[in-house]
Amino acid sequence: MDSLVRVLILVLCLFQVINNVECRVRRYNFNVVMKNTTRLCSSKQIVTVNGKSPGPTIYAREDDTVLINVVNHVKYNVSIHWHGIRQLRTGWADGPAYITQCPIQPGQNYVYNFTITGQRGTLLWHAHILWLRATVHGGLVILPKLGVPYPFPKPDHEVVLVLAEWWKSDTEAVINEALKSGLAPNVSDAHTINGHPGPVSNCPSTVGFNLNVSPGKTYMLRLINAALNEELFFKIAGHKLTVVEVDATYVKPFKTDTILIVPGQTTNILVTADKGAGKYMVAASPFMDTPTVAVDNLTVTATLHYTGTLSNSPTSFTNPPPQNATPIANNFISALRSLNSKQYPAKVPQNVDHSLLFAVGLGVNSCPSCNNGSRVVASVNNVTFVMPTVSLLQAHFFNVKGVFTTDFPGNPPVAFNYTGNPPKNLATNKGTKVYKVSYNDTIQVVLQDTGIIAPENHPVHLHGFNFFAVGRGLGNFNPKIDTKNFNLVDPVERNTIGVPSGGWVAIRFRADNPGVWFMHCHLEVHTTWGLKMAFLVDNGKGPSQSILPPPKDLPKC
Ligand SMILES: *[C@@H]1O[C@H](CO)[C@@H](O)[C@H](O)[C@H]1NC(C)=O
Ligand SMILES: *[C@@H]1O[C@H](CO)[C@@H](O)[C@H](O)[C@H]1NC(C)=O
Ligand SMILES: *[C@@H]1O[C@H](CO)[C@@H](O)[C@H](O)[C@H]1NC(C)=O
Ligand SMILES: *[C@@H]1O[C@H](CO)[C@@H](O)[C@H](O)[C@H]1NC(C)=O
Ligand SMILES: *[C@@H]1O[C@H](CO)[C@@H](O)[C@H](O)[C@H]1NC(C)=O
Ligand SMILES: *[C@@H]1O[C@H](CO)[C@@H](O)[C@H](O)[C@H]1NC(C)=O
Ligand SMILES: *[C@@H]1O[C@H](CO)[C@@H](O)[C@H](O)[C@H]1NC(C)=O
Ligand SMILES: *[C@@H]1O[C@H](CO)[C@@H](O)[C@H](O)[C@H]1NC(C)=O
Ligand SMILES: *[C@@H]1O[C@H](CO)[C@@H](O)[C@H](O)[C@H]1NC(C)=O
Ligand SMILES: [Cu+2]
């Protein structure tokens, strides 16, 4: 290439003004700042990126390197996770505080540096410390390589829709109050779509997000659930939704009325504006099939607004599914299949080196200062994870002793009827334990919900990998019967999966990424309570199978 052209492209790329030439490096500045914000007719200060919540959408192409300079101007420690990005050998850029990095302290900055390999689609980024994720989140769009089409008809337009939750109170006050009392935190006061709660009865000035569409055009909605604690249904009145991708992997397209999307998941849907005119309600509402668990039951609405439709035109409404609509949730989940085409094969591990059973759920530990003398906790295989004070990845890389142990149990220490009557003793162990595997080992984890306190759906997220969801069922997992029914051909591939309430889900992945990788419930309340653990994947042979050295500006503890 002519060097003048190359310099010109570099300059244009530096300022992010073009999308159609190959900018192989994408640069973003994330200034973490406080912002006074009014929603639901009440004002508060929130933590934001660049003064906005949702923050900026990151756009990149497959194979691009992304450099995000995060500058912390707030009083909280901050770290940001690029949720679903594989981070091959670059765990230093993954983001969970005290797992792969020490937090970025007030006044400090850190450049997240990662290359996107073998992925394209919609993901999200969010704070991975405290409850800052409530307002510090945004979209992450990975376009296919230049010239590579989508494996479905190209939409005319694309729109990012971020679903989230809004509290009138400060969210740090909400979780701190709960940790003090030992009880569950207050639920949110509203759900939001791109920051808008939609019309609510006690605040007439609040309006919903407006999505303008032109008759006959097809829209790809890049749906993201950035909510802290709530799984959501999503519907559009009068329109069929064609699902084409989840968690940045293509699926066999299918049509549905209702999407289920749990915190941490993303879903791309095609919607054709085939009505000609009108205003159609878009609705997101909670899914919760445990009657004793409180949720924010407000439905957030937005409008699919055909251009040329006057504001007094009729509006088409839709009824959100009932909160406990398990059959609707199951229909959606069982329709998901990997595309598994020649170009995008599903590389499902056919054999497993580590067959693990992880019992996930709640527990009760003693807490003399709490309201009831006890506190609700959560655990994986009866281990309530204790956050270390230096990051696990640093401790691993620099061989710092005494930070973690490698004795995380591969099976529940005591087998019991997980979904039947709970054991008498609901106490858990505490520990900072990891499960260690060799490079390229294959791992199967059956995530088994427990009925301790109550059976509940847990959206479990794995960092550093996509996994295949090979099986799912109710009650206790039975290896003899259930393994035979696994789908090892075209199971859905994703990074976050709902463990069904009172049931189990089986996932498989290949440990082809050295480092320390967090796995946790993506309901922030359960993560806080300890439903988290980490896998340690050793280096393989040679530099291409080993963790890169840490960047010079990696924050210190
Ligand atoms: C934001 O709100 C705080 C009080 O909540 C107030 O002290 C501050 O002056 C406000 N800042 C701006 C820029 O309005
Ligand atoms: C980003 O990381 C790569 C190695 O993966 C390195 O070559 C490059 O210099 C880094 N860029 C910056 C700006 O630190
Ligand atoms: C939580 O809800 C209770 C009951 O409505 C209320 O008294 C309390 O102030 C709330 N806590 C926070 C931090 O908003
Ligand atoms: C939502 O919850 C509140 C408080 O628990 C309850 O009063 C109300 O009836 C519920 N609304 C719906 C639609 O379920
Ligand atoms: C715990 O305390 C709350 C209020 O402080 C009370 O409503 C609840 O019944 C108590 N639960 C148990 C298990 O004692
Ligand atoms: C577990 O408990 C449930 C509910 O009591 C019961 O229906 C089921 O048969 C039990 N399963 C086993 C394996 O004992
Ligand atoms: C979990 O660990 C605690 C503390 O060691 C113990 O008391 C309890 O019996 C264990 N429960 C199960 C189900 O293993
Ligand atoms: C990982 O294991 C698979 C299956 O045994 C093998 O085909 C592949 O070559 C291995 N990859 C590496 C990088 O060792
Ligand atoms: C911020 O992180 C540093 C390093 O881990 C820690 O020493 C400090 O206590 C943290 N600050 C707060 C307010 O938690
Ligand atoms: Cu959970």
Side-chain angles (χ1 to χ4, degrees), residues 40 42 44 131 134 165-181 183-190 225 227-231 262-265 287-290 293-296 357-366 371 374 376-386 407-431 433 447-462 476 496-505 518-533:
L40 300 176
S42 76
K44 65 167 180 170
W131 270 30
E165 281 176 278
W166 182 257
W167 276 259
K168 287 183 178 171
S169 298
D170 178 74
T171 38
E172 293 310 317
V174 170
I175 182 57
N176 288 339
E177 178 185 72
L179 289 175
K180 230 171 153 182
S181 72
L183 304 171
N186 289 358
V187 299
S188 58
D189 297 297
N225 187 345
L228 282 192
N229 295 323
E230 307 213 346
E231 310 198 343
V262 307
Q265 288 183 336
F287 166 51
M288 169 50 76
D289 56 3
T290 308
V293 176
V295 288
D296 164 7
L357 178 66
F358 283 5
V360 296
L362 304 184
V364 181
N365 282 348
S366 142
N371 288 18
S374 63
V376 180
V377 294
S379 68
V380 182
N381 280 351
N382 206 32
V383 182
T384 294
F385 188 88
V386 176
D407 57 347
F408 187 87
N411 283 282
V414 178
F416 60 101
N417 185 344
Y418 305 108
T419 56
N421 288 331
K424 282 209 178 64
N425 180 3
L426 303 184
T428 65
N429 281 307
K430 288 185 203 146
K433 298 172 187 290
L447 296 158
Q448 169 74 60
D449 182 34
T450 77
I452 294 178
I453 301 187
E456 191 174 341
N457 193 312
H458 299 281
V460 173
H461 171 50
L462 176 63
N476 291 302
T496 306
I497 189 93
V499 179
S501 192
W504 56 270
V505 66
F518 211 16
M519 190 168 86
H520 60 95
C521 182
H522 220 270
L523 302 183
E524 206 58 36
V525 53
H526 291 175
T527 313
T528 306
W529 283 345
L531 209 168
K532 48 196 175 189
M533 58 80 64

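As the structure lists them, so they are numbered: ligands from 1, and atoms in each ligand from 1. Count residues from 1 along the sequence.
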Ligand 7 to V414, heavy atom cutoff 4.0 Å, flagged ligand atoms 14 (O)
Protein-derived N, O or S atoms sitting under 2.8 Å away from the Cu ion (ligand 10) total 3
message = Donor-acceptor pair, distance only, cut-off 3.5 Å: does the side chain of T527 make one with the backbone of H522?
response = no
| message | Please check: side-chain N/O of E165 versus main-chain N/O of L228, any donor-acceptor pairing under 3.5 Å? | response | yes
field: Donor-acceptor contact below 3.5 Å, side chain N429 vs main chain V383
entry: no
Interatomic distance, NE2@H520 vs NE2@H526, rounded to 0.5 Å, equals 13.5 Å
Per the under 4.0 Å non-hydrogen criterion, ligand 3 touches S169, A173, V174, E177, N186
Query raised in the report: Are T419 and W504 close enough that a side-chain donor and a side-chain acceptor fall under 3.5 Å?
Result: no
_Any donor-acceptor pair under 3.5 Å linking the side-chain atoms of T428 with those of T384?_
yes
To the nearest 0.5 Å, atom OG1 of T290 lies from atom CD1 of I453 at 11.5 Å
- Task: Show your reasoning for whether ring-ring contact (aromatic ring centres under 6.0 Å, His included) applies to F385 and F408.
- Result: CA-CA 10 Å; F385 188 88; F408 187 87; 8.6 Å; no
Any heavy atom of N382 under 4.0 Å from ligand 7? The part involved is side chain
One finds that the ligand 7 atoms under 4.0 Å from a non-hydrogen atom of F416 are 13 (C)
**Asked** Quick one: is the NZ or CZ of K44 closer than 6.0 Å to the six-membered ring centre of W166, and within 45° of its axis?
**Response** yes
